[in-house]
Each structure stands twice: as C-alpha cells, then as structure tokens.
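Take a look at the structure below.
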Amino acid sequence: MITGAPRGVKDLLPKQTKQWHKVEAVIRQITREYGFEEIRTPIFEHSEVFHRGVGETTDIVQKETYDFTDRGGRELTLRPEGTAPTVRALLEHKLYAGPLPVKLYYVGPMFRFGRPQAGRLRQFHQFGIEVFGSASARVDAEVMAMAMDFYGRLGLTDLELLLNSIGCPTCRPGHREALQQFLAPKVGELCSDCQKRFEKNPMRILDCKNERCQELSQGAPTTVEYLCTDCADHFNEVKTLLDSAGVTYTLDDRLVRGLDYYTKTAFEIVSRQIGAQSSIGGGGRYDQLVETLGGPTTPGIGFGLGLERVLLTMENQGLLADDDQEQRDLFIATAGAGTAAVAFRLMQELRQRGMTVEMDYQGRSLKAQMKTADRFHVPRVMIIGESELAQGVVVLRTMSTSEQQTVPLDSVIAHLCGTAEPPMSV
RNA sequence: GCGGUUGUGGCGAAGUGGUUAACGCACCGGAUUGUGGCUCCGGCAUUCGGGGGUUCAAGUCCCCUCAAUCGCCCCA
C-alpha cells in the first residue's frame, strides 16, 4: 500500500453506507413533510464567503478552514459549514425575490482542520436546514421541533435541547458593556483565549469551558437579562410554542455558540453518550447574515446536524444492529460447456424483470458455487448442467428443503416471475 | 495546535534480544462420479505501520516519522 487515506478522513464501506442510506431516507422524508427543498452548493467557495459569513473572530475561520489558492490565483476555502454558502447561493440566484419564506435543506460533506478524535473528522457530513424571510418565532420553534423530530424518528433518546437567546444589535451593546464592566477587574485571570475575547467578543467568555473562567464569570450578566423588548417577546413566544408542542428543552443562559452570525435564538442538541464531542447538532437565528453578505435585509434561521455523530449516537444506543444481510432472489450455478452463456442470458432477463440474480464469475466447481449461493442466502438456486441443457431443462433447487424440480428451459422465466414479459421500460 | 495510549496476515490476537513469527475467525481448495449449511484435511505474513540507529543477533531496545485512539481547545 502506497498510502492510506489522509488523516481525519474516512471511507464509508458498504456496511456503513447501508446505515447512511437509512438516515438519508429519513432526511428525505422529514424535509418533504416540513416543506423543505434541497439545495446543493459547491464544496468550496471564495474564502471571503466564510470570513465575512461565519466571522473573522471565530475559531472555525481562525484555525480550522481548509484554504487553498487555485491555479488562477483565487483564494478558496473548503466549506466548513453550510449556512454561508446557502446564503451566497440565495443572493446569487435572488431566491429572496420569490415567495417567502424560502425553506432549504442540504446534506453533504464539510471540512474543518482539527485534531481527529471520537466524533470529529476533518471531513464530516452535515444535514442542515435554513429558513429565509421570516422573523416569526413560529419558525424558530418549527426548526427546533423538526430537529428533535428527526432524532426521534431515528429512535434516538436521551438527547437534550439547550436553548438561549443572545439578543440582537439593539440589545447586545448593553449586555456587552455590562459584561465587560463585570469582568474588567478580573481580566488578567482569564485564560489567554478569553483575554482576547474580552475585547473582541466578551459574550463568548460565558461559554468558555475553562474552569477558572467559569468561576470568574459566575454571576456575570447574562444575555437574557439584557434582551430588548422585541427579543424578549420573541424568546417568550418561542418557549411558549415549544411548550405547546411538547418539545422539551433546557434553558442555558451561557450557551453562546461559536459562529458570529447568530442573533436571538441559539440552540444546541447534545448527547451524553458519544464521548467528549457531545454536540450532535445546533443552530440559531441569523437576522443580519444576509445583509452582511451583501443582500437585502432578510431574517433567517437554521440548524446543522453532524451525521457522523448522529450515527455514533445511534450505534451507542444499539440502533444499528446490522440485521440485513445480503439478500438475493436467485443464484444460477452452471456446470459444463455452453452452460455459462445460457445462464448469463437467463440472469440478464430475470434481472430486467426485477429479480436480484447472481452467478459465478470464475468457472468454479459446482460445489464452490453452491457454497457461494448459500452465503447469498438465496431461497433458490437454478442449476444448469450439460445434461440438462441437452434436454432443454434446468433444475431449480429450494435451499431450505433441498428439494429440486426440473423445469423446461423455455418456461423457467415465467415459472420464476409469473410472466414471460419484461416490465414496461420507464 | 497541545497531552496520554497504541500500531504483528482481511479481522481478532500470541510473541517482553537469539533457529523456519502461535492460535482463532474469515477467505480459497479438497474429502472417488455434477450440488450448500456440520465435520475433517490442506492453502493463505520472505515479515511484524514506515525510515534510521544500537547489537554477533530486533517484531522485541533507542530516535524520527506516519496513522489510529482518548482527552484539551473548539465544534458537527
């Protein structure tokens, strides 16, 4: 082997893709029921999209992006998240000019340069949704309800929805000032990251995981306390709606989240069962993002869910029992000159009628072919030998009972399919 | 980016300086005439992640490197 796959990326082998298909099927279904349509944006964008969209001060932009210069000298970045590209596409194609709100979803790979560990890859996959053009609290509630519905449909339990409101440009300056006043005497004791945050984005000190910082920020003014009436009303309505729909949540006034574009509602879904990387999804409202990227004032909200972490949680909750084995309808075994061509012809005709059929590729012994047939768990095996061919018949063996019957070659397809006619082509 | 642990055939796993690197599973083949699942027999690592060093001698010791894994940071 010359090299393995690069660090932090993984192949998904048949055993896994089978599981992914199940999750993807749920995504397809739930998005249809909630009225979302799919958007597929490129895997890379002009770096600018993320620098301005996600925010220069975020960890993602500062140290986790995959940046490169193409042969034309353009500064490009592999997408670390799905919201900024979606907004870019919204603007480029003027989707905001149509009926609002615009409800989009995406599924695909994202790239972040970090040290790999359980639940953290450099290429990972997200399922995300975005709603543009409505500032209504109903949309906030719907987005969160949908996320929880999604997990529920996959059978996941013991998840926690953390909820907070981090205000808007009207109320945030007041909070920021109060927070800086509160922390001013202790700045020197904060961790180095938080010392920088103190000036640039003091709010993020609230959810710093450093123990000392947590102690120092005990009793600090929370965003909720400084919400303007608009944000407060909005937040209350969101909670009321979630309550009425029976969506349980935990208020967390220190939840801030690492992307700069969030306003008002911020939420995160965590699982206690997948190691240190406990967040399996999160999102929030971003009422200024579209403007920031050069579009018209358009409120928005969305979530992004990590599919690897979802699968990991499912695995830990025993929801991935790989019960489905290889299942074929028929195996055709051959023995002797001229039999393979007949078998091949029959196999193709049967496949065109919808049966899953296999035959041997290497001209192995009948015994070896039977062994293979057994592994495919086929209910029946068609055996075509030289003597049968001479008589114009084939043998059909029922594996479970070892019973065999002889069927004329020219009626075996009708015998197996119930009709000799292939289905109408599409 | 930082710290801990680990790296032997497709997988699991013995082997703690000294002849031809256990074993289990999987896979392939065979057990008198063209037939599966059980059993039996046989095959399957010139090589121990990669590179360098120490030694008469290294899978076993040292260094570097790559990767995996767990944690920190952050987040999905």
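Heavy-atom basis, side chains included; hydrogens, waters and symmetry copies ignored. Chain letters run A, B, ... following the sequence lines, proteins first and then strands; every chain starts at 1.
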query = Hey, does A:A368 reach any base, or is it just sugar-phosphate, or nothing, if we go heavy atoms under 4.0 Å?
reply =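 Result for A:A368 = sugar-phosphate.
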task = Describe the nucleic acid contact of A:G128 in one word from base, sugar-phosphate, nothing, applying a heavy-atom distance below 4.0 Å.
result = nothing
request  = Would you check if the distance from the ring center of A:F111 to the ring center of A:F44 is below 6.0 Å?
outcome  = no
Can you tabulate the close N/O pairs, meaning under 3.5 Å, that link protein atoms to atoms of nucleotides 8-12 of chain B?
none

In whole angstroms, how far is the [atom2] atom of [N] from the [atom1] atom of [X]?
{"X": "A:F331", "N": "B:G37", "atom1": "CZ", "atom2": "P", "answer": "14 Å"}
{"X": "A:K371", "N": "B:C27", "atom1": "NZ", "atom2": "P", "answer": "8 Å"}
{"X": "A:Q362", "N": "B:C27", "atom1": "CD", "atom2": "C1'", "answer": "13 Å"}
{"X": "A:F376", "N": "B:C27", "atom1": "CZ", "atom2": "P", "answer": "12 Å"}

task = Under the salt bridge (charged side-chain N to carboxylate O under 4.0 Å, His left out) rule, what do A:R28 and A:E24 come out as? Steps first, then yes or no, please.
result = CA-CA 6 Å; A:R28 245 88 253 180; A:E24 284 157 8; 5.1 Å; no
Check whether the side chain of [X] and the base of [N] form a donor-acceptor pair under 3.5 Å.
{"X": "A:S365", "N": "B:G30", "result": "no"}
{"X": "A:S400", "N": "B:G37", "result": "no"}
{"X": "A:D374", "N": "B:G36", "result": "yes"}

How far, in whole Å, is [M] from [N] if one measures between their [atom1] atoms?
{"N": "B:C2", "M": "B:C64", "atom1": "P", "answer": "14 Å"}
{"N": "B:G29", "M": "B:U46", "atom1": "C1'", "answer": "23 Å"}
{"N": "B:U60", "M": "B:G52", "atom1": "P", "answer": "14 Å"}
{"N": "B:A31", "M": "B:C23", "atom1": "C1'", "answer": "24 Å"}
{"N": "B:A45", "M": "B:G10", "atom1": "C1'", "answer": "12 Å"}
{"N": "B:G59", "M": "B:A14", "atom1": "C1'", "answer": "12 Å"}
{"N": "B:G3", "M": "B:G24", "atom1": "C1'", "answer": "36 Å"}

inquiry  = Between A:D252 and A:T250, do the side chains contain a donor N or O and an acceptor N or O under 3.5 Å apart?
reply    = no
Give a yes/no answer on whether the side chain of [X] brings an N or O atom under 4.0 Å of OP1 or OP2 in [N].
{"X": "A:K367", "N": "B:G36", "value": "yes"}
{"X": "A:R397", "N": "B:G36", "value": "no"}
{"X": "A:R375", "N": "B:C27", "value": "yes"}

message = I need the residues from residues 146-161 of chain A with at least one non-hydrogen atom less than 4.0 Å from RNA chain B; give them sorted by number, or say none.
response =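 Per residue number, the list is empty: none.
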request  = Tell me, please, whether A:F235 has A:K239 positioned over its six-membered ring: NZ or CZ under 6.0 Å from the ring centre and within 45 degrees of its axis?
outcome  = yes
ask   = Which letter, B, S or -, goes with each nucleotide of nucleotides 71-76 of chain B from 5' to 3', with contact meaning a protein heavy atom under 4.0 Å?
value = BBBBBB
task = Might you point out which heavy atoms bring A:A333 and A:V381 nearest each other, and give the distance in Å?
result = CB-CG1, 4.2 Å
Ring pair (Phe, Tyr, Trp, His ring centres under 6.0 Å) partner of A:F303, chosen from A:Y151, A:Y286, A:F127 =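 Testing A:F303 for a ring pair (Phe, Tyr, Trp, His ring centres under 6.0 Å) against A:Y151, A:Y286, A:F127 leaves exactly one candidate, A:F127.
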